[in-house]
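Quick caveat, the model's predicted, so the values are computed rather than measured.
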2 protein chains.
Amino acid sequence: MSDATSSLDPVQLGAYFDLIEVTSLLRHAVEQQLRESGDLSYVQFQLLARLGDSPTGSHRMTDLADGVVYSRSGLTYQVGLLEKEGLVVRAPSPDDERSVTVTLTGAGRELLAKVLPGHVEVVSGLLFAPLSHDEVRSLAGLLAPVRDHMRATPPRSAASRRRKGGA
Amino acid sequence: MSDATSSLDPVQLGAYFDLIEVTSLLRHAVEQQLRESGDLSYVQFQLLARLGDSPTGSHRMTDLADGVVYSRSGLTYQVGLLEKEGLVVRAPSPDDERSVTVTLTGAGRELLAKVLPGHVEVVSGLLFAPLSHDEVRSLAGLLAPVRDHMRATPPRSAASRRRKGGA
DNA sequence: CCGACTTGCTTCGAATTCGAAGCAGAGGTA
DNA sequence: TACCTCTGCTTCGAATTCGAAGCAAGTCGG
């Protein structure tokens, strides 16, 4: 363990705080827009968007949870809501009998198309407005390696479902 | 400036997605560390940290809520928890009788000092590890204007407590 | 001084979120 | 095949979160 990690530069601290604050504010604004324009929560929108991105319009539950950084149980709940609204469909996976495949319906695709422009507008106006295109490129270039690093780093104690406490 | 607010570049899209994902992963990891080392939620830690930053160790409720981007009612709840734990104290403000001033106690300061090193370590190892110091500086330089812009931009319909719906 | 409006915080009910526990299918080894 | 383990999802209870409504103090115009 390096001991040099015992403190953060003012520069680092600023970057960290700004990152948190920017994301919180952005999320807040986006949430509001989504609620007004399509009665969707941010999580629900993320799920629909991710499904819409897929060529087949479907994903497994686990992949969705990993993609959105969401607990399994919470995902079950939200997908249940989306299914009740007729925006997605759940079906057992052909390969793997325990897997559940979630697929976007026509209605889901429509709703996605309906809320997307407003969503983009909020993100553009809030996140990208103060940045030039080159700066956005820089930002993307800085975030990508961080994202990869985080994805590769196991969340502290990777022991998936081992018993936790005693020896 | 590009006027094309109707769609996002692939570059913009990537930056946006990475921003969300990075923050989610970071928050998740930090949350876990805080829970283990000091039985604090992220929000609670943020509140303590913000109080610790203040020269007087105290803030008004509203300023805390704004600083952490938190609903007022949620803040009341969390400050209540912190007070029950003896980490903070609530007192009416001298100037403004309706204002409540939240102040860090000795125990709060101790706990903060106890969890801070681990927190810093997680942030360093996850967020800053893949970046050089110059890159961190760049990141900070990019985020600062965005933060200022977001702070200055009223959240859609600024009508603070006006009635919402009607004409 | 009075009344209308604004601001600061809390209470309340409803919705969301998580982790632990449980069930069932899949994969490997003897 | 029998058994053991791991993976994928759901159910359950508890904790957190938010927005709407309410109360009290401050501010301004008359």
Legend entry - Side chain proximity check, B/Val69 to A/Leu25, heavy atoms < 4.5 angstrom: yes
Inset, instruction - State, yes or no, whether a side-chain contact exists between A/Leu19 and B/Leu26 at a heavy-atom distance under 4.5 Å. - result: yes
Legend entry - Partner set under side-chain contact (heavy atoms from CB on, under 4.5 Å) for A/Val11, not counting sequence neighbours: A/Asp9, B/Val136, B/Arg137, B/Ala140
Legend entry - Sub-4.0 Å heavy-atom contacts from residues 48-62 of chain A onto DNA chain C, ordered by number: none
Legend entry - Pairwise ring pair (Phe, Tyr, Trp, His ring centres under 6.0 Å) hits with a residue in residues 133-152 of chain B, at least two apart: none
Legend entry - All pairs passing ring pair (Phe, Tyr, Trp, His ring centres under 6.0 Å) where residues 70-117 of chain A contributes a residue, at least two apart: none
Inset, instruction - With axes from five pairs an end, tell me the bend angle of the helix from C/dC1-D/dG30 to C/dA30-D/dT1, nearest 10°. - result: 30°
Inset, instruction - Any pair with a residue in residues 40-56 of chain B that passes salt bridge (Lys or Arg N to Asp or Glu O under 4.0 Å), sequence neighbours left out, goes on the list, sorted by first then second residue, please. - result: none
Inset, instruction - May I have all residue pairs that pass salt bridge (Lys or Arg N to Asp or Glu O under 4.0 Å) and include part of residues 70-81 of chain A, sequence neighbours excluded? - result: A/Asp66-A/Arg72
Inset, instruction - Could you tell me whether the side chain of A/Ser54 and the main chain of A/Ser58 form a donor-acceptor pair under 3.5 Å? - result: yes
Legend entry - Contact pattern, 5' to 3', of nucleotides 12-18 of chain D - B, S or - by protein heavy atom under 4.0 Å: ----SBB
Inset, instruction - List in numerical order all residues of residues 90-100 of chain A for which some heavy atom is under 4.0 Å away from an atom belonging to DNA chain D. - result: A/Arg90, A/Arg98, A/Ser99, A/Val100
Legend entry - Sequence-distant partners of A/Asp148, salt bridge (Lys or Arg N to Asp or Glu O under 4.0 Å), two or more places apart: none
Inset, instruction - For B/Arg90, enumerate each residue passing the salt bridge (Lys or Arg N to Asp or Glu O under 4.0 Å) test, keeping only those at least two apart in sequence or located in another chain. - result: B/Glu83
Legend entry - Sequence-distant partners of B/Tyr16, ring-ring contact (aromatic ring centres under 6.0 Å, His included), two or more places apart: A/His119
